[in-house]
Amino acid sequence: MNTGNPREKEEPKTSVSFIEQIIQEDLREGKNNGRVHTRFPPEPNGYLHIGHAKAICLDFGMAQKYGGKCNLRFDDTNPTKEDVEYVDSIKEDIHWLGFDWENREFYASDYFGKLFDFATDLIKRKLAYVDDQTAEMISRQKGNPSQPGEESPFRNRSVEENLDLFYRMNEGEFDEGSRVLRARIDMTSPNMHMRDPIIYRIIKIPHHRTGTKWNVYPMYDFAHGQCDYFEGITHSLCTLEFEVHRPLYDWFIDQLKSSDDYKPRQIEFNRLNLTYTMMSKRKLLELVQEGNVNGWDDPRMPTLCGLRRRGYTPESIRKFVDLIGYTKVEAINDVSLLEHAVREDLNLRAPRVFGVLNPLKVVITNYPEDKVENVEVVNNPEDESTGTRQVPFSREVYIEQDDFMEVAPPKFFRLAPGMEVRLKGAYIIKCESFRKNEDTGAVEEVHCTYDPATRSGGHLSEKKVKGTLHWVSVQHAVDAEVRLYDRLFSHEDPAGQKEEDYRKFLNPGSLKVLTGCKVEPSLASAKHLDKFQFQRLGYFCIDYDSAPGHLVFNRTVQLKDTWAKVSVERK
RNA sequence: UGCUCUGUGGUGUAAUUGGCAACACGUCUGACUCUGGAUCAGAAAAGUUCAGGUUCGAGCCCUGACAGAGCAACCA
């Protein structure tokens with residue numbers, strides 16, 4: 001049973017979500033001629049965030065798993081909010097996540113003509129009418145969830161008049177808000193969405209794709225299901241809040257469909273909620289517009305481009321999504337699970353480097369003053385194929401301040417007077433004495449001796465010591481500026497913040513900058529230092545765009561309680 | 001007080017469709033020591049919101065409560 005490789009854990013039994021059960025059942029029953037066809041339908045009014053990743057993984061994932069296809073369809077029915085900037089970023093982010101829609105890039109606006117024809121068809125069948133009332137009036141007549149609505153005085157207009165008015169609405173003859181087209185269903189329905197829903201409204205702002213061709217635009221409810229139908233979508237996956245829309249979704253398609261053997265089906269699943277994370281697109285937009293963050297890709301943002309810049313890998317995000325599953329329960333997932341997913345992924349592939357955040361000089365008194373030798377260290381203990389690198393070693397090195405204590409408490413296996421420790425890849429050193437700053441009392445320098453026989457790989461290299469430290473040769477060290485980012489929010493859980501006061505939970509822009517950070521020169525150039533290294537060791541968010549010469553830290557940084565706990569100066 | 005949906009360890013998900021409530025994250029121990037917060041070993045933690053019912057047997061089926069969420073945009 002034991003394969004001898006502890007890494008080869010048994011594949012965890014992947015549970016089958018209720019959605020998959022539905023798909024499997026449909027397949028078994030031969031519905032849709034055995035086709036599975038899904039779609040991912042973002043509105044291009046903002047950047048994709050981690051919540052969208054959950055939907056993307058589902059939509060594309062189900063298609064992949066069941067030999068089907070998944071379309072990308074931009075839900076661009078409201079030109080007042082939408083922009084090509086968002087279209088481009090959405091496509092980039094989906095690709096980055098690892099999914100592809102091939103040549104099936106569609107837009108709800110592709111179907112404006114068909115939708116318009118369908119609307120006129122409904123008018124002719126007395127299933128739609130133009131309402132001249134104000135928004136307030138229509139809203140009042142709608143009643144409320146516990147009280148039935150009343151019918152509009154325009155509800156029984158003639159087909160001819162409705163047709164004429166609807167055409168003229170589209171020709172731009174009427175002002176925005178002056179008239180709408182409504183489906184004629186049931187003003188007394190217990191489902192608010194069935195009370196003669198508005199299906200077309202006048203908008204005179206140019207559309208990012210169709211320009212000024214249209215003056216009327218379909219509402220979501222009038223577009224989405226029909227688009228699904230036009231594209232041959234079999235399973236239309238969306239989030240829970242659309243559950244009450246389903247009867248309307250079905251109603252339109254029933255009016256539209258021409259065959260009985262095919263009909264798209266809407267299935268709802270729970271949206272992603274993360275602790276300490278706000279997922280509202282509108283509020284994220286506000287943060288960007290108000291300059292509280294440095295854009296959609298600010299490393300603190302929960303957007304995919306923010307996470308990417310922060311060093312998250314697509315694999316880790318997919319893993320995370322896989323972990324949390326799809327149900328109908330409104331769950332709040334712990335960010336620590338996301339963090340676990342990155343760690344697990346990065347641990348296997350991130351190259352390791354040495355670095356010191358808060359340097360403490362160590363002088364190896366019996367090491368020749370002018371000698372320099374290269375020691376060899378592995379780039380990644382989890383992956384031999386990444387090879388080794390040479391690191392210069394000399395008489396004076398920096399170690400992390402936290403790696404030294406004047407008085408070692410029990411179980412402190414790092415450096416303290418009289419204690420021995422290995423400098424990783426190099427020698428075992430012993431602490432003989434230390435010097436304090438007379439004014440501050442802070443330890444300024446530690447004096448050690450080394451045992452030349454203990455060099456890594458040598459005869460006595462098998463000698464055991466309890467601790468191993470990262471280090472950086474003083475004369476080869478390079479200063480680096482490191483930018484640490486905290487989470488976007490702190491303290492309370494902004495995921496639960498309904499009010500506008502979520503801003504007060506914002507963390508500062510960046511927990512700027514470590515002074516005196518040292519890095520070995522060979523690693524200080526940007527091409528050696530990619531996001532993985534940063535991510536890996538510190539699990540800090542580091543702005544790796546911000547230049548060459550960054551650094552890394554060793555284990556002594558307290559990661560466990562981290563984020564803000566690291567002693568850095570806030571800007 | 002209408003309609004729809006949902007209640008399983010701290011958190012998120014399972015439970016072969018009625019058969020000993022399982023897994024992951026987190027937490028806590030211990031071990032290891034060229035360090036990765038990796039790996040290994042172990043522990044605590046729910047009797048499935050509550051009350052009835054059907055059944056040899058219920059997390060699963062039925063009834064009724066209770067709790068939470070969504071729905072009254074010319075947003076999606």
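In what follows, chains carry the letters A, B, and so on, assigned in the order in which the sequence lines appear, proteins first and then strands, with residues in each chain numbered from 1. Note: hydrogens, waters and symmetry copies are ignored here, and every other heavy atom, side chains too, is used.
- Remark: P of A69(B) and CD of E268(A) are 19 Å apart, rounded to the nearest angstrom.
- For E243(A), counting side-chain heavy atoms from C-beta on, the closest listed nucleotide (A15(B), U4(B), A72(B)) is U4(B).
- Remark on RNA chain B: of its neighbouring residues D75(A) and S146(A), the 5'-side contact belongs to S146(A), judged by nearest-heavy-atom nucleotide.
- Contacts between residues 76-84 of chain A and RNA chain B, defined by a heavy-atom separation under 4.0 Å, are made by T77(A), N78(A), K81(A).
- I90(A) places its CD1 atom 12 Å from the C1' atom of A76(B), with the value rounded to the nearest Å.
- Formation of a donor-acceptor pair under 3.5 Å by the R195(A) side chain with backbone atoms of K142(A) is found in this model.
- Side-chain polar atoms of N78(A) and Y220(A) form no donor-acceptor pair below 3.5 angstrom.
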Worksheet entry | Test ring pair (Phe, Tyr, Trp, His ring centres under 6.0 Å) applied to F154(A) and Y129(A), step by step | CA-CA 7 Å; F154(A) 298 96; Y129(A) 62 95; 8.5 Å; no

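- With R39(A) contributing its side chain and I233(A) its backbone, the two residues share no donor-acceptor pair below 3.5 Å.
- Between the CG atom of L338(A) and the C1' atom of G26(B) there is a distance of 14 Å, given to the nearest Å.
- By the 4.5 Å heavy-atom criterion applied to side chains, Q141(A) and P153(A) are counted as neighbours.
- Counted by atom type alone, T188(A) and D186(A) present one or more donor-acceptor pairs between their side chains at under 3.5 Å.
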Discussion item. I'd like to compare against my own output: the B/S/- annotation of nucleotides 8-13 of chain B with a strict under-4.0 Å heavy-atom distance to protein.
Written reply: ---SSS

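- A ring-centre distance under 6.0 Å is not found for F269(A) and F18(A).
- Distance noted for atom C1' between U27(B) and A67(B): 28 Å (whole Å).
- One interatomic measurement links the two molecules: CE of M187(A) to P of G2(B), which rounds to 20 Å at whole-angstrom precision.
- The CG atom of L272(A) sits 19 Å away from the P atom of A69(B) (whole-angstrom rounding).
- The ring pair (Phe, Tyr, Trp, His ring centres under 6.0 Å) search around H193(A) returns H245(A), not counting sequence neighbours.
- OP1 or OP2 of C3(B) has not a single side-chain nitrogen or oxygen of H193(A) nearer than 4.0 Å.
- Atom CD of E384(A) has 12 or fewer heavy atoms from other residues, nucleotides or ligands within 6.0 Å.
- The side chain of M219(A) lies closest to A76(B) when the candidates are A15(B), C34(B), A76(B).
- Rounded to whole Å, the C1' atom of U17(B) lies 40 Å from the corresponding atom of C75(B).
- Nucleotide G10(B) carries an anti base; the chi torsion (O4'-C1'-N9-C4 or O4'-C1'-N1-C2) is more than 90° from 0.
- The same atom, C1', is picked in U4(B) and in G9(B); the two are 30 Å apart, to the nearest Å.
- Among the heavy atoms of the strands, none lies under 4.0 Å from E376(A).
- Nucleotides of RNA chain B nearest to G425(A) and Y220(A) differ in position, and the one nearer the 5' end is that of G425(A).
- Taking atom P on both G59(B) and U16(B), the two are 12 Å apart, rounded to the nearest angstrom.
- At a threshold of 4.0 angstrom between heavy atoms, the contacts of K466(A) include nucleobase atoms, whether or not backbone atoms are also involved.
- Syn is the glycosidic conformation of U17(B), whose angle stays within 90° of 0.
- Using cut-offs of 30° and 60° on the angle between ring planes, the pair Y111(A) and F106(A) is tilted.
- Rounded to a whole angstrom, the distance from the C1' atom of G42(B) to that of A58(B) is 34 Å.
- With distances taken from any side-chain atom of P190(A) to the nucleotides C5(B), C34(B), C3(B), the minimum falls on C3(B).
- The CD atom of E339(A) sits 14 Å away from the P atom of G37(B) (whole-angstrom rounding).
- A side-chain donor from one of K281(A) and N45(A) sits under 3.5 Å from a side-chain acceptor of the other.
- At distances below 3.5 Å, not a single donor-acceptor pair connects side-chain atoms of E330(A) with backbone N or O atoms of N270(A).
- Only the C1' atoms considered, C74(B) is 48 Å distant from A51(B), to the nearest whole Å.
- A donor and an acceptor atom, one from each side chain of E268(A) and T239(A), are nowhere located under 3.5 Å apart.
- Checking side-chain atoms of H208(A) against main-chain N and O of D83(A) turns up no donor-acceptor pair under 3.5 Å.
- Here the separation of G57(B) from C20(B), taken at their C1' atoms, is 12 Å to the nearest Å.
- Cation-pi geometry between R422(A) and Y427(A) is not met at under 6.0 angstrom from the ring centre and within 45 degrees of the axis.
- For the P atom pair drawn from C71(B) and A76(B), the interatomic distance equals 15 Å after rounding to whole Å.
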Worksheet entry | Watson-Crick and G-U pairing of RNA chain B written in dot-bracket, each distance under 3.5 angstrom, with | for inter-strand partners | .((((((..((((.....[..)))).(((((.......))))).....(((((..]....))))))))))).....

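- If you check every strand for non-hydrogen atoms under 4.0 Å, S139(A) touches sugar and phosphate atoms only.
- The listed nucleotides are G36(B), C75(B), A72(B); the one nearest the side chain of E43(A) is C75(B).
- Ring pair F166(A)/F116(A) is parallel by interplanar angle, where below 30° counts as parallel and above 60° as perpendicular.
- The stretch residues 194-207 of chain A comes close to RNA chain B through I198(A), R201(A), each having a heavy atom under 4.0 Å from the strand.
- In this structure, F40(A) has no ring pair (Phe, Tyr, Trp, His ring centres under 6.0 Å) partners at least two apart in sequence or on a different chain.
- As rounded to whole Å, 11 Å separates atom P of C5(B) from atom CG of L240(A).
- Among the heavy atoms of the strands lying under 4.0 Å from Q133(A) is at least one base atom, whether or not backbone atoms are also near.
- In this structure, H340(A) reaches the C25(B) phosphate: one of its side-chain N or O atoms is under 4.0 Å from OP1 or OP2.
- Atom CD of E136(A) and atom P of A72(B) are 16 Å apart (whole Å).
- S336(A) contributes no side-chain N or O that forms a donor-acceptor pair with the base of C25(B) under 3.5 Å.
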